[in-house]
Amino acid sequence: MYQFKKVIDLQHYITTLKSKGLTVGFAPTMGALHEGHLSLLRMAKAECDISVCSIFVNPTQFNDDSDLEKYPRTIPEDIAILTKIDTDIVFIPPVSEVYPPSLDTTLKLDFAELATVMEGAFRPGHFDGMAQVVNRLLDIVQPDKLYMGQKDYQQFAIVQNMLHQLDSDIKIVRCPIIREADGLAMSSRNVRLKSELRQQVPRIYQALLKVKEMAPHFPVQEIKDTFAESLDLPEFRLEYIEIADGETLQPVTNIEEHKSVVACVAVWAGDVRLIDNILF
Ligand code: AMP
């Protein structure tokens, strides 16, 4: 596996590969890699000639300094695990390479209602920072295909919309959510859960399965109330549950009227914020 820290070196290598007609599949990550990330890279490897992973904890998408500070960083382990699954390239740039002072990387796009609901409502500025870094990384890596997880459903919808607005040729692939055996969606933040809470958090997925089961038969509000009740524990704080159109992400009132519907949730378990979703 080739490792790069500098944009110029990575670009030079990728240009050589592309001039030989090789295709590039790219999965951007913030590191502390787990099976969810690896599933993206395995898919990139299966569908493209070259798989590229970036590891960059992007400061512009954190709306909370202590969250940024506490974000797990495990670069040596990440490199070992990427080598093991035969990833071709890992790009681990410092902030100064992604955001050089001489370059204006701000993205002037409007994601309208896609970005005002759910995560957008609770994490102001988060999606602007996320879109900014994804756009910058795409400029650097120049992939043919971009692999992102359904785990961050709204993030995926916004990046898809960004590519559309930019008239980009890059194909975006949505990869399914990878879960622990007990149903907890894998996340780099899970390592921060204290052991008693770790035992409680699979309730989130259990409650989402219940939401899916109720969906065809019950009014939306009743479904949301049932979800909230099943997480009514002192250690949990439900930030939101939204039942939304799978494409526009706007709240639905009548599930039957929509082609795809997604239930998205954000739950605080102690001081760890978890998100999850289910499509139906
Ligand atoms: P992150 O490192 O959290 O920024 O995530 C990098 C990419 O991995 C994003 O496209 C996520 O949606 C994806 N991802 C994170 N967790 C999972 C998971 N449990 N299953 C599938 N994809 C995931």
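Remember, it's a predicted structure, so these values are computed and weren't measured experimentally. One-based numbering, in listed order, for ligands and for the atoms of each.
- For Phe122 and Tyr240, the ring centers are positioned less than 6.0 Å apart.
- Listed as neighbours of ligand 1 are Pro28, Thr29, Met30, His34, Gly36, His37, Leu40, Tyr71, Met148, Gly149, Lys151, Asp152, Gln155, Pro176, Ile177, Ile178, Met186, each bearing a heavy atom under 4.0 Å from the ligand.
- A cation-pi arrangement is absent between Arg189 and Tyr71 under the rule of less than 6.0 angstrom and at most 45 degrees off the ring axis.
- Taking Ile, Leu, Val, Met, Phe, Trp and Tyr as hydrophobic and joining them when side-chain heavy atoms fall under 4.5 Å apart, one finds Val191 isolated, its cluster having no other members.
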Name each donor-acceptor pair under 3.5 Å that joins a side chain in residues 230-237 to protein atoms two or more places apart or in another chain, with its distance.
residue : atom : partner : partner atom : Å
Ser230  : OG   : Thr226  : O            : 3.2
Ser230  : OG   : Phe227  : O            : 2.8

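- Checking Thr23 against Asp49 by side-chain atom types alone, a donor-acceptor pair falls below 3.5 Å.
- Partners of Glu97 by side-chain hydrogen bond (donor to acceptor under 3.5 Å, both in side chains), not counting sequence neighbours: none found.
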